[in-house]
Amino acid sequence: MTTTPRRGRRALVAASLSLAVAVTGLAVAMPAQAAASTLGAAAAQSGRYYGTAISAGKLSDSTYSSVANREFNMITAENEMKWDATEPSQNSFSYSRGDQIVNWARSNGKQVRGHALLWHNQMPTWAQGLSGTALRNAAINHVTKVATYYKGKVYAWDVVNEAFADGGSGGRRDSSLQRTGNDWIEAAFRAARAADPGAKLCYNDYNTDGINAKSTGIYNMVKDFKSRGVPIDCVGLQSHLGTTIASDYQANIQRFADLGVDVQITELDVEQGGNQANIYQTVTRACLAVARCTGITVWGVRDNDSWRTGANPLLFDSSGNKKAAYTSVLNALNAATPTQNPTTPNPTPTTPDPTPTTPTPTPTSGPGTGCSVSYTATSWSTGFTASVKITNLGSAINGWTLTWAFPGNQTITQAWSTTATQSGNQVTAKNVGYNPQIPAGGTIEFGFNGAYSGSNPSPTSFSLNGTVCNGGVTPTPTPTPTTNPTPTPTVTPNPTPTPTSNPTCSLPSSYRWTSSGVLAQPKSGWTSLKDFTNVVYNGKHIVYASNVVNGNYGSMSFTPFTNWSDMASASQNALPSGTVAPTLFYFAPKNIWVLAYQWGQWPFIYRTSTDPTNVNSWSSPQPLFTGSITGSGTGPIDQTLIGDGQNMYLFFAGDNGKIYRASMPIGNFPSSFGSSYTTIMSDTQANLFEGVEVYKVAGQNQYLMIVEAMGSRGRYFRSFTSSSLDGTWTPQAATESNPFAGKANSGATWTNDISHGDLVRSNPDQTKTIDPCNLQLLYQGRDPNVNPDYNNLPYRPGLLTLQR
């Protein structure tokens, strides 16, 4: 927040939702002691604070400083601790104005909220001129230096301010900071924790008062951070309100609190009108009703100190007189019981642990102690995907091991967010480098793929670091309902073919296929359909592709269909924005769908969704890869993604005889791979052209790569194999006369080209696992007798089925 209007926020304030909030769980009887006469004292009765934002330049105003000193017990600097104020030139820091605020607050017995370490606005001019790695390094250096300087003097930091976009996307705001990589917020929080381990670390934003797309995007980020041990302690809801307030204001506070973080109302002001006092009281009661809502800050002291000129949005008028809104807040604070909220056990804002304040360090027995486990398994044929959620009911843990016994004939084949080993039916799952910590009351999640024979019963007993989880085990042995798109999806086997046994096939050294005819024609007005990616979800094929209209590329998807013969009649749906040459898969570790593509603000881009069947559900674009390559007329092209138990990998081509690879820890995904890469294969342009795809071969210690090549008889695919995704690749079926798939072996009569394809797999997740006994390739082909310019070639979908 700054003291002058910005971003047209007045219009945003006016977009608040409905009038009333239903406040539950709040004791309204007056406490036994005398009512407090100031806001700070009244809030302190329930272990909370009531604060204000002040300006150093106004402390000489006796009315201003006396009201601030009398009424408030938490102080936020309006502008004096922001980036432009504290680092006016690079690596040259100026703390004098911030010190004035901090010293005034501390000398008057008040705590300080630090605001704000990183914000895309009020960046110094020199930082505005930076981008990429240079800006990332400067930002992290700024966080480290400022947080270190104020170490021990600041109660909480707004580490990152206003990083999410307005509107319905729920995604990140496009800014120079965001363009340094999607993990910039995480990096800032880790740097702040290292610099000042004692301060609470908060994310702060506006237009987040109710449950909406923006607040849900932040909620999902916080949930992700908590699951991976990223240090985040609190969420700030700015609450710049108009003449109404969201009906789910309290529910929104509660859902953040349920993630195990504090909630603070950080910049409260309410437009003056007949409803001002009621809204102030509603906000106060909502905070009091949630134990982890630890305090409220109003943004300014008097109406004439507010950035909202003419709105008169504060508790004191321009002369320093108390308004009706002041009285409504004071009465609400005094009406609260002087102890914790009876609906939740957390007594004060300084003890966020939702367990008792002196837990037994190593609980060994008794319901509700130690840990609880939620185990969810989704089965298909003879395989399954499992998600495991551990809730720590004891004291904080740094380093965890979970053990259990499979009750059936089950084996783990691949895991993520854990290192899993198995001996007989005994399984040991340990943390990996990025998720060793589980705070008291916190959770951690990991997952794995497995195989089974017979039945697939869920384990019924788990132990965490040697202690039996007496808090309960929640198994879900039945298949996930196919109607719910958001949990781990029901991975129904591909209707054609349907494996009936564990894969035991090896990849052939020589491939022989049969081909369908053209599966679908472009809808009216479209020139071609190409660049197919496909998954099976809820028993149906989901296909995304590029569509071309008179040489111009767009993006489309087919309405899900059951059999490939149904593709011709499936609706063809244009996407609202371009996602050319897409890659679609389900990222199981975070229960989210990912759509990666090329051509846009960055070389490769991604979006996320919880429903891949809805073309309008995808989030705002985020950078997937920001690097460049040499010797290429196209730059990076035709990305594909795959994960093993530890890492996510990005493979791509350049139309230049080279294949490239980048990687990141799987816990960091989805986010940007940055600009670094490794060149893993080099050949002629014709031999390594484009359309690279990589898969895990089920039942084998083997990965398969296919790459589109240019041959004398049309486009064809070469294949390579490796024992690991970060290993070397050996040619397998890699000539035009003996290709993976091409004119020589496709069986297709309607096309010479076997181009830009994707193997069909029954499991849609990031492992990209294929059944070598039942290989099918969805590809693009074309009438060889029609030869306009490349961008108007009449590509159509076709399907190859391997003959064994």
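Just the heavy atoms: all of them, side chains too, but no hydrogens, waters or symmetry mates, feed the values below. Nothing fancy with the numbering, it's 1 onward along the sequence.
For the 3.5 Å distance criterion, the side chains of T721 and Q732 fail to qualify, holding no donor opposite an acceptor. Side-chain polar atoms of Q780 and R796 form no donor-acceptor pair below 3.5 angstrom. Side-chain polar atoms of K590 and S227 form no donor-acceptor pair below 3.5 angstrom. Residues S723 and N701 bring no donor and acceptor atom of their side chains to less than 3.5 Å of each other. Looking only at atom types and distance, the side chain of D726 has a donor-acceptor partner in the side chain of S724 under 3.5 Å away. Side-chain atoms of D765 and N763 include a donor-acceptor pair closer than 3.5 Å. Checked by atom type, the side-chain pair N647/S663 shows no donor-acceptor distance below 3.5 Å.
The minimum heavy-atom distance linking G635 with S632 is given by the pair N-OG, 2.9 Å. Residues G578 and Y597 approach most closely at O-CE1, 3.3 Å, considering heavy atoms. Of all heavy-atom pairs spanning V694 and I642, the tightest one is O-CD1, 3.6 Å.
Surrounding NZ of K223 are at most 12 heavy atoms belonging to other residues, nucleotides or ligands under 6.0 Å away.
In this structure, the side chains of M556 and K523 stay at 4.5 Å or more apart for every pair of heavy atoms. Side-chain contact between I605 and F625 is absent, with no heavy atoms from C-beta onward closer than 4.5 Å. Side-chain contact between N182 and P670 is absent, with no heavy-atom pair separated by less than 4.5 Å. Side-chain atoms of I770 and V760, non-hydrogen and from C-beta on, never get closer than 4.5 Å to each other.
With rounding to the nearest 0.5 angstrom, the CG atom of D783 is 12.0 Å from the OH atom of Y795. One distance of note links CG of L584 with CG of L641; it measures 11.0 Å at 0.5 Å rounding. Atom CD1 of I659 is separated from atom CZ of F651 by 9.5 Å, given to the nearest 0.5 angstrom. Of the inter-residue distances, the one linking L775 atom CG with R761 atom CZ reads 12.5 Å to the nearest 0.5 angstrom. The OG atom of S672 sits 6.5 Å away from the CE atom of M664 when rounded to the nearest 0.5 Å.
Shown here are the side chain to side chain donor-acceptor pair (under 3.5 Å) partners of S722, two or more places apart in sequence or in another chain: there are none.
A salt bridge between K768 and E693 is present, with a side-chain N of the basic residue lying under 4.0 Å from a carboxylate O of the acidic one.
When the options R713, R715, R782 are evaluated for a salt bridge (charged side-chain N to carboxylate O under 4.0 Å, His left out) with D753, the one that passes is R782. S557 pairs in a side chain to side chain contact (heavy atoms under 4.5 Å, CB included) with only one of the listed residues (N573, V543, T613, T533), which is N573. Of the residues Y716, W513, F720, Y779, the one that meets the ring-ring contact (aromatic ring centres under 6.0 Å, His included) test with F740 is W513.
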Next item on the list: Check the pair S712 / E736 against side chain to side chain donor-acceptor pair (under 3.5 Å), numbers first and verdict last.
Entry: CA-CA 8 Å; S712 61; E736 188 174 9; 3.2 Å; yes
Margin query: Between F669 and F587, is the ring-ring contact (aromatic ring centres under 6.0 Å, His included) condition met? List the steps.
Written below: CA-CA 9 Å; F669 189 84; F587 188 57; 4.9 Å; yes
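Between Y660 and F652, a ring centre-to-centre spacing shorter than 6.0 Å is recorded. The six-membered or imidazole ring of Y537 lies near that of W593, with a centre-to-centre distance under 6.0 Å. Checked against the 6.0 Å centroid criterion, the rings of W599 and Y553 qualify as a close aromatic pair.
For N792 (side chain) and D789 (main-chain N/O), no donor-acceptor pair under 3.5 Å exists by modelled atom type.
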